[in-house]
**Q** 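Below is a structure I'd like to ask you about.
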2 protein chains.
Amino acid sequence: MTNIASANAIAQVAALIGDAARANMLAALMGGQALAAGELASHARVSAQTASGHLARLLDADLIAVEKQGRHRYYRLASPQIAHALEALMAVAAAGPKRHRPPGPRDEALRLARTCYDHMAGRLGIALADALTGGDHIVLADGAGLITEGGRAFLCDIGIDLAGASNRPFCRTCLDWSERRPHLAGHLGAALLAHALARGWVRRTTGSRALAITPAGRRGFIDAFGLPQDWASPSA
Amino acid sequence: MTNIASANAIAQVAALIGDAARANMLAALMGGQALAAGELASHARVSAQTASGHLARLLDADLIAVEKQGRHRYYRLASPQIAHALEALMAVAAAGPKRHRPPGPRDEALRLARTCYDHMAGRLGIALADALTGGDHIVLADGAGLITEGGRAFLCDIGIDLAGASNRPFCRTCLDWSERRPHLAGHLGAALLAHALARGWVRRTTGSRALAITPAGRRGFIDAFGLPQDWASPSA
DNA sequence: CTCATGGTTCGGCCGGGACCGAAGCATTGG
DNA sequence: CCAATGCTTCGGTCCCGGCCGAACCATGAG
């Protein structure tokens with residue numbers, strides 16, 4: 001008898017994620033921004049009442065959190081742990097049944113650059129991970145990585161301060177579902193996205209997880225991180 | 001419109017895990033050993049027919065794999081990715097709703113030492129992680145870690161060969177659900193368990209994930225890894 | 001105050017799927 | 001060849017839970 005209580009707890013969480021409407025809502029929230037109930041309803045393609053019911057259940061289970069603002073209610077993922085679990089499920093789903101695997105996002109903009117919870121994904125995310133790895137600034141293991149001493153200095157020069165992270169790099173990897181290769185997540189991934197947004201290298205787009213790369217970004221990423229000139233071209 | 005195809009794929013996987021009977025089966029398989037259909041049925045407390053149906057669905061989705069042997073059919077998790085996803089869900093479930101959280105395993109033997117898929121968990125797993133971290137043999141980040149040069153030599157001396165892992169440490173952490181602290185998983189974790197089993201330091205117990213620590217193990221762990229004398233006493 | 005908008009609650013409908021009894025295959029042993 | 005064991009397939013029941021229409025609150029605007 002392995003502990004059946006914990007198995008049942010897993011089942012409850014998984015059952016919540018295991019509904020198409022709720023999964024679509026959670027996937028939308030993986031974009032990293034808080035979304036209003038109505039937006040989530042349209043993402044999931046269900047009516048407002050139905051969405052409300054789903055959101056109440058997700059809220060009750062602490063999978064999401066809510067913030068009231070005027071007559072809107074903005075929902076977001078309750079914790080990075082939730083995002084991590086969704087990523088792991090995504091990896092399983094992508095690797096699993098070969099028959100009906102989604103051929104990745106149709107939208108070219110999404111393949112190029114998008115947000116993934118709180119960091120960058122798509123070819124941009126992968127190019128950054130490759131560049132940092134190639135420059136010996138980070139070392140990637142399976143599922144995670146560490147920042148080297150040189151890498152810490154390098155990032156500090158660029159202007160990315162890994163606050164207080166004396167010996168705790170907070171660097172994780174996340175399997176990119178369009179490119180099937182790992183990109184940077186975790187604390188470092190979030191810091192990179194914040195930095196790129198602050199410098200105006202990328203802009204969020206409304207209604208999509210796609211990131212728009214500005215002209216300054218085209219130069220900035222190449223100059224600062226040493227990305228190859230042709231990093232934006234499809235598939236490595 | 002974020003990609004709804006991938007969200008639906010997640011939903012299908014999560015829905016499979018999100019049933020109490022199937023979750024219990026998968027949790028049992030997290031012990032790392034292949035189990036026969038009948039054993040899984042009793043773990044899940046359902047009839048053989050019901051279990052068979054569940055197993056067929058899990059098999060169809062490539063969450064588990066089967067090996068026929070005589071008139072038995074032994075099922076196991078299809079990949080470490082599956083185990084990883086289950087771990088992540090377990091972490092969410094444990095951190096989630098405060099009301100009905102399972103107070104951890106009642107069984108003292110499980111709290112002391114048990115298998116977690118292919119590595120060691122419980123106070124033993126945590127003590128090993130702490131000792132290796134304290135000795136600067138590994139460095140843990142959130143969710144992963146790297147082996148230092150000294151650590152590689154140290155492990156090699158003990159007799160643990162990290163075959164071909166030149167610069168790829170294959171070292172992950174896994175949140176221990178009884179102790180709420182990370183223990184070692186990944187390639188290194190599996191190697192440690194294999195080593196302990198080979199030396200006769202621990203033995204698998206039938207019908208449970210608990211690991212029995214032999215007298216040789218009591219000495220071996222302390223001598224080889226420098227565990228504190230009182231590592232087995234409850235909570236650090 | 002009154003209306004419009006965003007969101008939630010209530011009630012009833014309905015389908016998917018979990019469950020078990022019974023029967024049907026395979027494999028091993030006598 | 002027959003019996004026992006382990007597992008799967010079939011058929012039928014039943015209930016959980018997703019869905020929407022309608023009505024009900026809350027907030028902000030005129």
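For clarity, every value in this text was computed on a predicted model and none was experimentally measured. By convention in this document, chain letters (A, B, ...) are assigned in the order of the sequence lines, proteins followed by strands, and residues within each chain are numbered from 1.
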**Q** Can you pull the contact range of chain B along DNA chain C, 5' to 3', using atoms under 4.0 angstrom from its heavy atoms?
**A** C:dG17 to C:dT28

**Q** Answer with base, sugar-phosphate or nothing: what part of the nucleic acid does B:Ala37 contact at a heavy-atom distance below 4.0 Å?
**A** sugar-phosphate

**Q** Quick one: list whatever passes side chain to side chain contact (heavy atoms under 4.5 Å, CB included) with A:Ala56, sequence neighbours left out.
**A** none

**Q** So B:Met30 and B:Arg209, do their side chains get closer than 4.5 Å, heavy atoms only?
**A** yes

**Q** With sequence neighbours left out, what residues match A:Gln49 under side-chain hydrogen bond (donor to acceptor under 3.5 Å, both in side chains)?
**A** A:Ser47

**Q** Output yes when B:Arg57 and B:Asp19 qualify as a salt bridge under the 4.0 Å nitrogen-oxygen rule, no when they do not.
**A** no

**Q** Looking at residues at least two apart in the chain, or sitting in another chain, which of them share a side-chain hydrogen bond (donor to acceptor under 3.5 Å, both in side chains) with A:Arg199?
**A** A:His195

**Q** Listing request: all salt bridge (charged side-chain N to carboxylate O under 4.0 Å, His left out) pairs with a residue in residues 74-88 of chain A, at least two apart in sequence or in separate chains.
**A** A:Glu87-A:Arg172

**Q** Name every donor-acceptor pair, under 3.5 Å, that has one atom in a side chain of residues 115-122 of chain B and the other anywhere in the protein, sequence neighbours excluded.
**A**
from	atom 1	to	atom 2	distance (Å)
B:Thr115	OG1	B:Gly31	O	3.0
B:His119	ND1	B:Cys116	O	3.0
B:His119	NE2	B:Cys116	O	3.2
B:His119	NE2	B:His183	NE2	3.3

**Q** Report the residues that fulfil side chain to side chain contact (heavy atoms under 4.5 Å, CB included) with A:Ala14, sequence neighbours left out, ordered by chain and then residue number.
**A** B:Ile17, B:Leu89

**Q** Test of understanding: with side chain to side chain contact (heavy atoms under 4.5 Å, CB included), list the residues that count as partners of B:Ala23, not counting sequence neighbours.
**A** A:Ala11

**Q** Could you pull out all residues at least two apart from B:His54 that satisfy side-chain hydrogen bond (donor to acceptor under 3.5 Å, both in side chains)?
**A** B:Arg22

**Q** Tell me every residue that passes side chain to side chain contact (heavy atoms under 4.5 Å, CB included) with B:Ser79, counting only those two or more places apart in sequence or in another chain.
**A** B:Gln81, B:Ile82

**Q** Base, sugar-phosphate alone, or nothing: which one does A:Tyr74 contact when heavy atoms must sit under 4.0 Å apart?
**A** nothing

**Q** Nearest whole angstrom, please: distance from the C1' of D:dG18 to the CG of A:Leu58.
**A** 13 Å

**Q** What nucleic acid atoms does B:Ala51 come within less than 4.0 Å of, heavy atoms only: base, sugar-phosphate, or nothing?
**A** nothing

**Q** Generate the contact string for nucleotides 19-30 of chain D. Rules: B means base contact, S means sugar-phosphate contact only, - means no protein heavy atom under 4.0 Å.
**A** SBBB----BS--

**Q** Using five base pairs at each end to define the local axes, how bent is the helix from C:dC1-D:dG30 to C:dG30-D:dC1, to the nearest 10°?
**A** 20°

**Q** How long is the line joining CZ of B:Arg73 and C1' of D:dT9, in whole Å?
**A** 12 Å

**Q** Would you kindly give the NE2-to-P distance between B:His72 and D:dT5, to the nearest whole Å?
**A** 12 Å

